[in-house]
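Below is one structure, written out as structure tokens; the observations come after it.
This is a predicted model, so every value here is computed, not measured. In each ligand, atom 1 is the first atom listed, and ligand 1 is the first ligand listed. Every heavy atom of this structure was used, including side-chain atoms; hydrogens, water molecules and symmetry mates were not.
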Amino acid sequence: MLLNGKKGLILGVANKRSLAWGIARAAHREGARLALTYQGERLRGSVEDLASQLTEPLVLPCDVTSDADLDRCVAQVGETFGQIDFVVHGVAFAKREELEGRYVDTSREGFEVALDISAFSMTALARRVEPWMKNGGALLTLTYLGGDRVIPHYNVMGVAKAALECSVRYLAVDLGPKNIRVNALSAGPVRTLAASGISDFPKMLEVVKERSPLQRNIDLDDVGDAAVFFLSDLSRAITGEVIFVDAGFHNMGL
Ligand code: NAD
């Protein structure tokens, strides 16, 4: 029960394959009380169904492109829970056409959308939860190796992940004095809704299995268990880090 008594807000559950759901499951198992958000009415049913497996969940809408949504969502969670101990940011989006072909052809709008939803939203969220993290807290986001190296077809999402990872370091400095820690898990490829937008995704799974030191792909439990460490007091002296949960793949020559 590493998160016993803690209250957390998790953004990014779309369905049972979502990495954010893997984290929610693990956090629930460790005793946390959770609020889950859904992006729009279309996803409400599936998130409510999943939330019914949790204890006293709060389920609310939040589109991270809307300041009003972010304000309302964080205030509602803060007021209901009294405080927020951790936040998981599991949100990303790029238009499908930006995830194929050449990066050099990225449109201005495609760039803005990807960076706004996948990177800026973390900062927008951090600013709003700060006042509710009364006894310190932990913020955790999800990133990918494509923010660090060129991965075929990842394109503008790689640029967004680089901005996200850099934001983690700046946020860690701003929020550190309040004992709020900010970290990112860089997950290996997992078949999810977001991943289905990336061309040649099955190839990425194959390459990791073939070349990673552990010779396997990762799953939601791998991500969930690593997240528990970063959301719990066990990681109390760790902030501003990007940690790989990718069976060791990032260390291999590609
Ligand atoms: P997913 O499709 O299950 O999750 C993406 C989530 O982003 C969805 O819940 C979606 O509703 C949400 N979202 C998109 N636009 C939004 C908006 N405007 N407002 C609010 N929410 C919005 O896919 P996933 O793979 O679980 O993605 C979660 C995170 O993990 C993403 O940051 C992704 O880049 C990252 N990640 C995924 C992989 C992978 O291989 N699946 C690997 C490394 C990192």
Under 4.0 Å from ligand 1, counting heavy atoms only: the protein residues, by chain and number = Gly12, Val13, Ala14, Ser18, Leu19, Gln39, Leu43, Cys62, Asp63, Val64, Thr65, Gly90, Val91, Ala92, Phe93, Ile117, Leu142, Thr143, Tyr144, Lys161, Ala187, Gly188, Pro189, Val190, Thr192, Leu193, Ala194, Ala195, Phe201
Please list, one pair per line, the donor and acceptor atoms closer than 3.5 Å that link side chains of residues 37-45 to other protein atoms, with sequence neighbours excluded.
from, atom 1, to, atom 2, distance (Å)
Glu41, OE2, Arg44, NH1, 3.3
Arg44, NE, Glu48, OE2, 3.1

Nearest heavy-atom neighbours spanning Val245 and Ala226 = CG2-CB, 3.8 Å
So, are Asp85 and Arg33 salt-bridged, with charged N and O less than 4.0 Å apart?
-> no
Applied to residues 136-178, the ring pair (Phe, Tyr, Trp, His ring centres under 6.0 Å) test, sequence neighbours excluded, yields Tyr144-Tyr154
N-O pairing of Arg25 and Asp221 below 4.0 Å = yes
Using a 3.5 Å cut-off and no angle test, enumerate the donor-acceptor pairs between side-chain atoms of residues 1-14 and protein atoms at least two apart in sequence or in another chain.
from, atom 1, to, atom 2, distance (Å)
Lys6, NZ, Asp233, OD1, 3.1
Lys7, NZ, Phe81, O, 3.4

